[in-house]
Amino acid sequence: MAAGDQDNFQQLMGSLLSTDNEVRTKAEEVYNGLPCETKVPHLLGTIQNPQMAEDARMLCAVLLRRLFSSEFHEFYEPLPPEAKDQLKQQMLLTLQQNESGSMRRKICEMVAEVARCLIDDDGNNEWPEFLQFLFHCHNSANVQLQEAALRIFASVPGIFGNQQAQHLPLIKQMFIKYLEPTSNQEVRFQAVRAYGAFVLLHDKEEDVQRQFADLLTQIIIITAESIELGDPQNLMQLLIDMAEGVPKFFRPQLEPIFELCMKVFSTVDMEDNLRHLALEMMVSLAENAPAMVRKRAAKYVTALVPLILQMMTDLEDDDEWSVSDKITEDDTSDNNVIAESALDRLACGLGGKTILPHIVNNIPNMLLSPDWKQRHAALMAISAAGEGCQKQMEAMLENIMQGVLKYLVDPHPRVRYAACNAIGQMATDFAPIFEKKFHEQVIPGLLNLLDDVENPRVQAHAGAALVNFSEDCPKNILTRYLDAIMAKLELILTTKFKELVEKGTKLVLEQVVTTIASVADTTEKDFVVYYDRLMPSLKYIIKNGNTDELKLLRGKTIECVSLIGLAVGAEKFMSDASDVMDMLLKTHTEGDLPDDDPQTSYLISAWARICKILGKQFEQFLPLVMGPVMRTASMKPEVALLDNDEMQGVENDSNWQFVNLGEQQNFVIRTAGLEDKASACEMLVCYARELKDGFANYAEEVVRLMVPMLKFYFHDGVRSAAAESLPYLLDCAKIKGPKYLEGMWLYICPELLKAIDSEPEADVLTELLHSLARCIETLGAACLSNEAMEEVLKIIDKFMKQHFEKEEKRAQARKEEDYDDGVEEQLAEEDDADIYLLSRISDIIHSLFVTYKDAFLPSFQRVVPHFVKLLQASNPWADRQWGLCIFDDLIEYTGPLCVQYQPYFLQPMLEYIKDEQPEVRQAAVYGCGVLGQFGGEQFAVTCAQAISLLVEVIMAPDSREPENVNPTENAISAVTKILKYNNTAITNPDEIIAL
């Protein structure tokens, strides 16, 4: 095709729109082969040609935007200045064409992409003519121009770059004008979108937010207008985005917002999607600014909960539901599913103290209703509320259970199902208290429901509830019912196996296999009496369940067999181990399983359990299992960057997760296989831990897999497993000699330190820090180069600074106007997470003292001010505890050389022997013991002074209370150490011994 041939290009666009796949594919190949400098003028020429069909012009606008999004700078930078000016001029001309709504939208999106690309990293706008165009639109009476300007501003709210501060008054004037009631309706709607985007851009800049806050009233009024029309511009979604990003921005207008949302949500004949959005807005505010909602919107919450409970009753009468052998996933757009999720989120956001009274006020009448849907919704509400209302529900569990248990025998199968669901959920949420209190009612009740053969869906759910119950049930309780449970499960196993052969039904069989596995896992050796009866049937399923329909059943049976083996132990399982392994390995030798095969995770986990059972004897299977496990662990997820148009086919697909990056960009990842990848990584940890030097031949290959996955940000479990594996892999590799070990550590160390520095999730970060400490202890002295030690000190310095900053932030939060008990609960959780992180920093200091001894002191000197600060009496008790622990290590591993730090630790250590908090006392008295043992003669007088304080701890009336046992034991040990190693300043040793 000749480069300048516009006619041919327009024909090519027609072919791209063809419904004939072959024609379209060839056209795509031709288009993709054209250079960028050819595409741009042709695409722009087609867009500007009003003679062309609109669908072709719209396609060109989309293609040009995508081109600019991915290759703008490569195309634009080489252009001579006049060509650059011409392109920008053509963009503005295209914007001013008289177009239909859809075409105008596509053109605006294309121009916005150019505007975005022409703001450099320093905030310089290289397209000043476009800013002039925005001001021109502001002064123009042309509605289309106004709308176009606002669309682009909404897409690129940072368009003013580093000149924004001087333009803020003008930006506000633009908004005031566009939001006026006299403005065109579409312009007002676009102004709301632009306003929301602008406020969200400044989510951290409260001074900018304050300047625009007075326009919020108008925003709410216009959104209400939009809702009356069905919300064509999705303004409600914009408010939800703001509720998530800048929730406190709504504080002055919280009542009007809730009024609007409650009006929409309570109007039953309103379109469902609008009611869902109104509910989402209220729930988002409750999640993101709970204290503000508790304080300023309490009356709306009171009215909201009953409405949510009624939406949960929106169920269809379906006679086939309880007899169905296939469980289809709930449609997440169904009213009852959305309402149940909202109740759960409200309870977690606002807390049980706020939400539970409203649930309790409404549920009794619903449970007494003759309508099964009311009873079902009430029981599902109990399930949904458990997590958020845990503390409050725990106090009234007996009352709740009295209400729930009777519905296990309700005449309607779906109500019986909901009762099982509530019991299963409470068994998890309130373990092990629930199991200890209610085993006498729950186990017989569920066993009775396992006889509900007329309703297999209910029968299976009773089995699932029994799994939840047995998972956390104390072994001594569950064993009392073991014969009754197993008699029932074995009978069902036999009956349902026969049904599988005759009718092909398998739902209950799949569940009963999982229930047997769970019971075996809890009862351990007591399960051995059932082994010989069960194993032949289970092995038969594994051997013969080879069709696609039976894959899940086979996978669950594999899990069951391996858990039974782990429960009964190697001696009993050994006779079947080889046979079972052969069957499992056969699955892979017959060809690789697809990524989404349900057997994969079961197989990989089963091999790890069998490794635990067989120990060293598992090494013979490693050459066979490592291939499939490494393949699964190495799986690369499918990811893509899609624009809003391309998202339409993916948005409702549960196999994909997506993050809206704004600016027409969405990051999507195919989640199928991610859990299997995480499981495979965890199993590799298991092999390294269990087999030690028997795994040495695989250590290097696994290290090369795991180290890059320290930054696998698509799944926290993968990063955690990668971190956990490293010390075990180093341990495995010791047998290969010091040179080999050193090479492996040189590969691991810099990447581990980088991962720690950049890890966004607190749970994974603590795993990474623990891994570093374990690696240092595994390798011993001098394992860190000077550069690595420097990095470690920077990490310690960074996290200690953050620790004190977060404490200060929490102290400020306690002074805010919305502070209440709910905020305090949240702050306490944050405090716990922060202290756990501090304990991991302490682990690293401990590992460095253990391995380096006094050689660590010059480095310690650089970070010691942080640990001195921890010891301050005004700090939370956990700070003092961990500060003392660090100085305890200093004393224990540097001996007399610790004297140089005596001014920092000695006085606090003696004072904290009598601290109110047992954990602080324990750290202080332990310090006195190691001071006596390792501190030397220079501390003899101090040790003598400490004796009387330690004796007070030992002789205190409550010294043997459970919480005081550890400090007391440590105090006795400390006195013994002082008397043995450092007694020269003690004048009455015999009296002390007599005590």
Side-chain angles (χ1 to χ4, degrees), residues 581 585 604 607-634 677 680-712 718-756 767-789 791-792 843-844 846-848 850-853 855-856:
M581 279 303 294
L585 290 164
I604 288 169
W607 286 334
R609 290 188 200 105
I610 294 168
C611 172
K612 281 183 187 173
I613 300 164
L614 301 183
K616 284 285 181 189
Q617 294 177 60
F618 188 79
E619 287 173 27
Q620 62 183 306
F621 298 112
L622 277 178
L624 299 166
V625 303
M626 280 300 288
V629 175
M630 287 295 286
R631 254 196 315 279
T632 307
S634 308
K677 180 183 177 78
C681 292
E682 286 161 13
M683 298 315 113
L684 290 169
V685 174
C686 175
Y687 295 156
R689 183 181 63 233
E690 299 294 326
L691 300 175
K692 299 186 170 57
D693 55 12
F695 196 65
N697 289 336
Y698 301 95
E700 184 174 345
E701 183 188 3
V702 176
V703 161
R704 294 203 177 278
L705 170 73
M706 290 295 199
V707 167
M709 288 200 300
L710 293 169
K711 292 192 172 183
F712 186 83
V718 171
R719 300 199 304 286
S720 291
E724 190 185 354
S725 71
L726 300 178
Y728 293 122
L729 291 165
L730 288 168
D731 212 20
C732 293
K734 280 182 178 176
I735 196 171
K736 299 262 189 177
K739 274 278 177 213
Y740 184 86
L741 194 64
E742 186 185 340
M744 186 179 279
W745 177 236
L746 282 172
Y747 174 64
I748 291 172
C749 183
E751 298 306 316
L752 178 56
L753 293 173
K754 279 183 206 163
I756 290 170
E767 197 63 62
L768 287 163
L769 292 168
H770 187 55
S771 176
L772 176 61
R774 292 268 324 283
C775 287
I776 293 168
E777 285 197 54
T778 300
L779 293 163
C783 65
L784 294 175
S785 65
N786 289 339
E787 295 82 5
M789 180 65 86
E791 285 305 310
V792 170
D843 288 346
I844 293 174
H846 173 80
S847 68
L848 290 165
V850 167
T851 50
Y852 280 74
K853 309 286 191 293
F856 178 55

What is the minimum heavy-atom distance between L752 and L772, and which atoms define it? CD2-CA, 3.9 Å

Quick check for you: to the nearest 0.5 Å, what is the distance between I735 atom CD1 and L741 atom CG? 12.0 Å

Whether the side chain of T632 engages the backbone of P628 through a donor-acceptor N/O pair (distance < 3.5 Å, no angle test) should be reported. yes

Can you list the steps and then say if M789 with L848 is a side chain to side chain contact (heavy atoms under 4.5 Å, CB included)? CA-CA 10 Å; M789 180 65 86; L848 290 165; 4.0 Å; yes

Flag this pair as yes if the NZ/CZ of R689 is under 6.0 angstrom from the six-membered ring centre of F695 and inside a 45 degree cone about the axis; otherwise no. no

Quick one: pull up CD1 in I604 and SG in C686 and give me the separation to the nearest 0.5 Å. 12.5 Å

Who pairs with H770 by ring pair (Phe, Tyr, Trp, His ring centres under 6.0 Å), at least two apart in sequence or on another chain? none

List the atom pairs, with distances to 0.1 Å, where a side-chain N or O of residues 612-627 and a protein N or O form a donor-acceptor pair under 3.5 Å, not counting sequence neighbours.
from: K616; atom 1: NZ; to: E619; atom 2: OE2; distance (Å): 3.3
from: K616; atom 1: NZ; to: L691; atom 2: O; distance (Å): 3.2
from: K616; atom 1: NZ; to: D693; atom 2: OD1; distance (Å): 2.9
from: Q620; atom 1: NE2; to: Q617; atom 2: O; distance (Å): 2.9

Using a 4.5 Å cut-off on heavy atoms from C-beta on, say whether the side chain of D843 contacts that of L769. no

Show me the donor-acceptor pairs within less than 3.5 Å that the side chains of residues 742-749 make with the rest of the protein, sequence neighbours left out.
from: W745; atom 1: NE1; to: C783; atom 2: O; distance (Å): 2.9

Between CD of E682 and CD of E724, what distance do you get to the nearest 0.5 Å? 8.0 Å

Rounded to the nearest 0.5 angstrom, the CD-CG distance for E767 and L726 is 10.0 Å

If you take all heavy atoms of C681 and A721, which pair is closest and at what distance? CB-CB, 3.7 Å

E700 vs L729, side chain to side chain contact (heavy atoms under 4.5 Å, CB included): CA-CA, chis, key distance, verdict: CA-CA 8 Å; E700 184 174 345; L729 291 165; over 6 Å; no

Please walk me through it: do E751 and K754 pass salt bridge (Lys or Arg N to Asp or Glu O under 4.0 Å)? CA-CA 5 Å; E751 298 306 316; K754 279 183 206 163; 3.3 Å; yes

Minimum-distance pair of heavy atoms, taken over all atoms of S634 and L705: OG-CD1, 3.4 Å

Closest non-hydrogen atom pair between M581 and I610, with its separation: SD-CD1, 3.7 Å

Closest non-hydrogen atoms of K734 and T778, given as atom of the first, atom of the second and distance, are NZ-O, 3.1 Å

Rounded at 0.5 Å granularity, tell me how far CG in L779 sits from CD1 in I776. 8.5 Å

Value rounded to 0.5 Å, distance of CZ in R774 from CD1 in I844: 13.0 Å

Taking all non-hydrogen atoms of both residues into account, name the closest pair between C611 and E690 and its distance. SG-CB, 3.9 Å

Do W607 and L585 have side chains that approach each other closer than 4.5 Å (heavy atoms only, starting at C-beta)? yes

